[in-house]
Protein chains: 2
Amino acid sequence: MTVSRTMSGGRNVRPEVQVRVRAAADQLGYRPNQSARNTRLRRPTGLIGVAVTNLGNPYYGQFALGIEDVAAQNGRHILIGNTREDPSRERELLDDFAGRQVEGLIIVPAGNGLSVLGEGQVTSSMPLVLATRAVQGVRSDTVLVDDVGGAVAGTTALIDDGHSRVAFLGDISGIPTARRRFEGFNSALDARGLGFDESLLYSVRDADSALQAVAGSLGGHNPPTAFFSTNNRTTVGALRAVWNHRRNHPGLEVPAIASFDDVELADLLDVPLTVMSHDPRALGAQAARMLFERLAGDAPSEPRTISMPVTVQRY
Amino acid sequence: MTVSRTMSGGRNVRPEVQVRVRAAADQLGYRPNQSARNTRLRRPTGLIGVAVTNLGNPYYGQFALGIEDVAAQNGRHILIGNTREDPSRERELLDDFAGRQVEGLIIVPAGNGLSVLGEGQVTSSMPLVLATRAVQGVRSDTVLVDDVGGAVAGTTALIDDGHSRVAFLGDISGIPTARRRFEGFNSALDARGLGFDESLLYSVRDADSALQAVAGSLGGHNPPTAFFSTNNRTTVGALRAVWNHRRNHPGLEVPAIASFDDVELADLLDVPLTVMSHDPRALGAQAARMLFERLAGDAPSEPRTISMPVTVQRY
DNA sequence: CTGTTAGCGCATTCAT
DNA sequence: ATGAATGCGCTAACAG
């Protein structure tokens, strides 16, 4: 008990004894076992579980930073896992997080919108905030991006520049976010009385496949004059392809790109670029704040959905 | 006991009973308490503590991804914290990690090489791998980058291009990595019989300050013809400054940049660029592998230091 | 100020 | 195949 008391503040232990206890602890490398401590105190673990779809994407680095920041302010730590868009990996992570008694979850749902979260096992037992994508059948706090509005604005800007034949780069069957952006894209075309040529829909996810798609598209018959890119990975590919195209065909009009998400240095590239951007770090911070509000009990019982604004910039 | 047995595999429990148990568990949202489990089994937690200096930097996103990958393969999860180069935050994290009985640590030491790790409290009690930077007085497995060799190679390439007046962008007093790269930079100049003009040493850390420094430098008397940039953040700033300079002074020779660390899209920028790069994801994976080797007991008792190779590319 | 008792949730061991 | 007793490391509550 004297040791226990000393290690947890030292109330009611003689200072000199405390010194001896600490010295011995240092010597022996003793540290109180938090697992046992938590067991006994029936205390929350101070852990937040975070699952993202691609840790290697700078976007999610910023996102994680936003969460970490707010978590640290609230004395919590984050357990982070990468789902690689793989629902089974997501399930593993969720099970593990739950078993570790995390206090809450911030999840970027993997896959096509029917993630394992929909089964409702984990989600009912602890506070959950969904980020970036909603999941069918899951009623929980959610932080979305104004995908539709942003896509409408970006596409409209493209149209106003005179583009009427615009290709779309994104995996609308696999990724809900891409689907919503496609919606906005389409309704902007509609609003201007333009149709979308289905042959200009490229189902790509990463930079390489986007590069191939754009290169192929520009090399084909009746190529588009602009590309709508759904995320920063596909934008990188599109930029490279357009860059190559410009180098190989000097004098020709340079195809324009409308990119959802910003890419560092893209503004210097001399490619007509419309960026529909938002701040992933702010998104992460917002998700974390919603989670902590709920943990603190001062959130309404109804799930809240917040939509992060999207701004359009031209380069 | 029947529940316990069922939840941990179901040996010696009648199948029909197992079904009922699982049903009830689902219904109630019951999940075995890992803390209690670990306490009883005196089992390791399956957690790895990771501390990086800047989670928002894409470099560390890749680094974390490399760790996560290997950790997942080994059935471990990662607890990640951001130190913001702040030693006191590092200490907090380390204490917390230790208290949570993480099985091992992968740390990018914060600050100037005399991190709190030097005090030896935490480090003696569990396996530790230092990444990117070494710490004075700490003998542990370490994964470094060939900073000196890479800097020599990059600087030499610059000199061979005819540059004799090269500025240096990096915080050599605050960041050990920058110091080592400065060493290589200097010895390459020496080897070619060139001196370094101390007035061309800019102690910058982030993109903005690097941009200011380069802009100022190019606007001054006797400006350098090239810049050595110590990391991807300072490189982004330098690229922007050089870009602006070229736009404002067409016809003038464009200053060259030698960048330690690659930056996405920089190769398209039409700025003479020498990149000394390595793969942060591989570095993370390597650090994780060393940690798990040690945990498995099949590592030599002597601490090992591995140096990741640096390749030089020209754009 | 310090020690004793009891119990957190779980699993090993030994009964039945 | 199931249950009872016991103890993991810790601390609240109660002695003294």
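Below, read A as the first sequence line, B as the second, and so on, with proteins coming before strands; counting in each chain starts at 1.
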### Task
Measure from the side-chain heavy atoms of B:N33 and tell me the nearest of C:dC10, D:dT2, D:dG9.
C:dC10
### Message
In this structure, how many angstroms lie between the C1' atom of D:dA13 and the CE atom of A:M1, rounded?
### Response
10 Å
### Task
Record whether the side chain of A:R42 comes under 3.5 Å of the base of C:dG7 through a donor-acceptor pair of N or O atoms.
no
### Task
Note down the inter-axis angle between the two ends of the helix from C:dC1-D:dG16 to C:dT16-D:dA1, five pairs each, to the nearest 10°.
40°
### Message
If we ignore hydrogens and angles and just use 3.5 Å, is the side chain of A:D141 paired with the main-chain N or O of A:R304 as donor and acceptor?
### Response
yes
### Task
In whole angstrom, give the distance that lies between atom CG of A:N38 and atom C1' of D:dG9.
12 Å
### Message
Judged by each residue's nearest nucleotide on DNA chain C, which is more toward the 5′ side, A:A36 or B:R43?
### Response
A:A36
### Task
Would you check, one step at a time, whether the test salt bridge (charged side-chain N to carboxylate O under 4.0 Å, His left out) holds for B:R294 with B:E302?
CA-CA 11 Å; B:R294 200 159 283 286; B:E302 281 301 292; over 6 Å; no
### Query
Just how far is it from atom CG of B:D69 to atom CG of A:N82, taken to the nearest 0.5 Å?
7.5 Å
### Message
Under 4.0 Å from OP1 or OP2 of D:dA1: is there any side-chain N or O of B:N12 that close?
### Response
yes
### Task
Take atom CD of B:E16 and atom P of D:dT2, then tell me their distance rounded to the nearest Å.
8 Å
### Atom pair CD/CG of A:Q34 and B:D96 - distance to nearest 0.5 Å
7.0 Å
### Task
List the steps and the verdict of side-chain contact (heavy atoms from CB on, under 4.5 Å) for A:F97 and A:V50.
CA-CA 9 Å; A:F97 287 163; A:V50 177; 5.8 Å; no
### Task
Report yes if at least one side-chain N or O of B:T2 is closer than 4.0 Å to OP1 or OP2 of D:dG3; otherwise report no.
yes
### Query
Atom CZ of B:R37 to atom P of D:dG9: distance rounded to whole Å?
18 Å
### Query
Does A:R40 make a side-chain N or O approach to OP1 or OP2 of C:dG7 shorter than 4.0 Å?
no
### Message
Strictly below 4.0 Å: does A:R5 bring a side-chain N or O up to OP1 or OP2 of D:dT11?
### Response
no
### Query
Rounded to the nearest Å, what distance is computed from the CD atom of residue B:Q101 to the C1' atom of nucleotide D:dC8?
13 Å
### Message
Are there over 12 heavy-atom neighbours, none belonging to B:R20, within less than 6.0 Å of that residue's CZ?
### Response
no
### Euclidean distance, B:R281 CZ relative to B:Y59 OH, rounded to 0.5 Å
14.0 Å
### Task
Examine D:dT11: is either OP1 or OP2 under 4.0 Å from a nitrogen or oxygen in the side chain of A:S4? Give yes or no.
yes
### Message
Between C1' on D:dC10 and CZ on B:R100, what's the gap in Å once rounded to a whole number?
### Response
16 Å
#### Entry: Comparing B:L41 and B:R14 on DNA chain D - which has the more 5′ nearest nucleotide
B:R14
### Summary
5'-most contact on DNA chain D (nearest-nucleotide basis), B:P15 vs A:M7, goes to B:P15
